[in-house]
S.K.: 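Dumping the structure here so I can ask a few things about it.
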Amino acid sequence: MTGSAAGTDRTDTRTKLLQGALRTLAEQGIARTSARSVAASAGVNQALVFYHFGSVDELLAAACRYGAEQRVARHRDRLAAVTTLAELLKCGRELHEEERAGGHVAFLGQVLAGAQTHPRLAPATAAGLDLWTAEIEEVLTRILADSPLGEFTDPAGLARAVTGSFVGLELYEGVDPAGAGRAFDALEQLAELAGVLDELGPVARRAVRHRLRRTGRT
């Protein structure tokens with residue numbers, strides 16, 4: 001086997017293990033995720049878990065980062081096309097449905113639970129969420145630039161609030177689907193109100209900005 005072929009084979013095996021870890025976490029939960037179960041899902045020898053990652057915890061941490069990178073890359077073009085807050089909320093709701101149907105919401109719930117007892121999972125999970133936050137911050141910075149709300153909001157902080165809200169709603173839906181649906185509806189109503197501000201004429205927009213500045217000073 002040539003060096004390039006061997007390198008490709010190692011990369012393929014790592015990818016199989018990462019994907020196997022994601023499936024195992026989503027389908028069996030973190031309590032039943034082991035080198036044996038991941039290897040079985042990946043279709044490889046379990047010794048390869050330790051050869052490529054050193055430990056199951058290191059594999060799970062790498063899988064968290066890998067999964068987030070794959071999901072963000074999949075949806076990046078859709079997020080780049082968003083031009084209003086209402087579109088962002090609509091896009092978020094559609095992504096939520098797709099992620100839930102694909103088992104990714106279940107995976108997120110497992111890694112968040114596992115991060116409490118597996119120290120290496122916490123920074124990896126946070127890094128994965130940061131990837132989503134960075135994409136959302138870019139969208140918010142763009143769509144708020146010309147809005148009356150733009151100078152009174154912090155896109156970076158707001159992006160983290162959006163990420164946190166969606167994570168909470170994704171987990172909350174598992175115990176109260178109707179309540180989660182109402183929460184999404186309420187967020188969309190707020191986005192529509194922001195859209196009304198964006199449609200105001202120049203005089204009205206200046207009045208809104210003036211009022212917001214006075215409110216901020218007091």
Side-chain angles (χ1 to χ4, degrees), residues 15 18-19 22-23 25-26 62-109 111-112 124-174 177-202 204-206 208-209 212:
T15 300
L18 292 169
Q19 294 172 345
L22 294 175
R23 284 193 300 270
L25 275 170
C64 289
R65 292 187 291 268
Y66 172 81
E69 289 166 359
Q70 295 295 306
R71 305 315 300 166
V72 170
R74 176 182 175 85
H75 301 303
R76 182 169 286 128
D77 288 346
R78 189 187 303 187
L79 288 169
V82 169
T83 59
T84 67
L85 286 174
E87 287 181 13
L88 178 59
L89 265 297
K90 180 182 178 183
C91 179
R93 198 162 192 168
E94 291 172 350
L95 294 184
H96 167 73
E97 292 300 323
E98 291 180 21
E99 295 293 289
R100 182 169 59 84
H104 304 290
V105 172
F107 166 76
L108 177 62
V111 296
L112 287 173
T125 303
L129 292 175
D130 282 345
L131 292 176
W132 283 107
T133 301
E135 293 294 323
I136 295 169
E137 181 180 345
E138 185 175 324
V139 175
L140 289 171
T141 299
R142 184 177 70 252
I143 65 181
L144 291 174
D146 296 325
S147 169
L149 299 174
E151 66 181 277
F152 305 100
T153 56
D154 170 23
L158 187 56
R160 282 159 177 76
V162 170
T163 300
S165 296
F166 271 87
V167 169
L169 285 172
E170 287 175 345
L171 300 178
Y172 180 50
E173 187 180 46
R182 291 184 65 183
F184 272 115
D185 291 341
L187 289 173
E188 288 175 353
Q189 290 167 0
L190 290 176
E192 289 171 2
L193 289 175
V196 171
L197 290 178
D198 289 341
E199 294 171 0
L200 295 175
R205 287 164 70 98
R206 284 198 296 272
V208 170
R209 284 193 172 95
L212 288 173

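When a residue number appears, it is its place in the shown sequence, counting from 1.
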S.K.: Quick check for you: to the nearest 0.5 Å, what is the distance between Leu131 atom CG and Cys64 atom SG?
M.R.: 11.5 Å
S.K.: Under the salt bridge (charged side-chain N to carboxylate O under 4.0 Å, His left out) test, which residues partner Glu69, sequence neighbours left out?
M.R.: none
S.K.: List the residues meeting side-chain hydrogen bond (donor to acceptor under 3.5 Å, both in side chains) with Arg142, not counting sequence neighbours, and say none if there are none.
M.R.: none
S.K.: Please give me the minimum heavy-atom distance between Arg65 and Ala124, naming the atom from each residue.
M.R.: NH1-CB, 3.7 Å
S.K.: Taking only residues two or more places apart in sequence, or in another chain, which ones meet Glu138 in a side-chain hydrogen bond (donor to acceptor under 3.5 Å, both in side chains)?
M.R.: none
S.K.: Output all residues satisfying side-chain contact (heavy atoms from CB on, under 4.5 Å) with Leu18, sequence neighbours left out; order by chain, then residue number.
M.R.: Phe53, Leu59, Ala62, Ala63, Tyr66
S.K.: State which residue, out of Thr83, Thr84, Leu88, Val162, fulfils the side-chain contact (heavy atoms from CB on, under 4.5 Å) condition with Val139.
M.R.: Leu88
S.K.: By side-chain contact (heavy atoms from CB on, under 4.5 Å), which residues pair with Glu135, not counting sequence neighbours?
M.R.: Val72, Arg76, Leu79
S.K.: Excluding sequence neighbours, so at least two apart, what forms side-chain contact (heavy atoms from CB on, under 4.5 Å) with Glu94?
M.R.: Arg78, Lys90
S.K.: If you measure from CD on Gln70 to CD on Gln19, what distance do you get to the nearest 0.5 Å?
M.R.: 7.5 Å
S.K.: List in chain and number order the residues that pass salt bridge (charged side-chain N to carboxylate O under 4.0 Å, His left out) with Arg74, two or more places apart in sequence or in another chain; answer none if no residue qualifies.
M.R.: none
S.K.: What residues form a side-chain hydrogen bond (donor to acceptor under 3.5 Å, both in side chains) with Thr163, not counting sequence neighbours?
M.R.: Thr133
S.K.: Does Ala156 offer a backbone N or O that forms a donor-acceptor pair with the side chain of Arg160 under 3.5 Å?
M.R.: yes
S.K.: Does Glu97 have any salt bridge (charged side-chain N to carboxylate O under 4.0 Å, His left out) partners at least two apart in sequence or in another chain, and if so, which?
M.R.: Arg100
S.K.: With sequence neighbours excluded, what pairs up with Thr141 under the side-chain hydrogen bond (donor to acceptor under 3.5 Å, both in side chains) test?
M.R.: none
S.K.: With sequence neighbours excluded, tell me which residues meet side-chain contact (heavy atoms from CB on, under 4.5 Å) with Phe184.
M.R.: Arg93, His96, Phe166, Leu169
S.K.: Taking all heavy atoms of His75 and all of Leu95, pick out the closest pair and write down the distance.
M.R.: ND1-CD2, 3.2 Å
S.K.: How long is the span from the CG atom in Leu144 to the CG atom in Leu85, to the nearest 0.5 Å?
M.R.: 5.5 Å
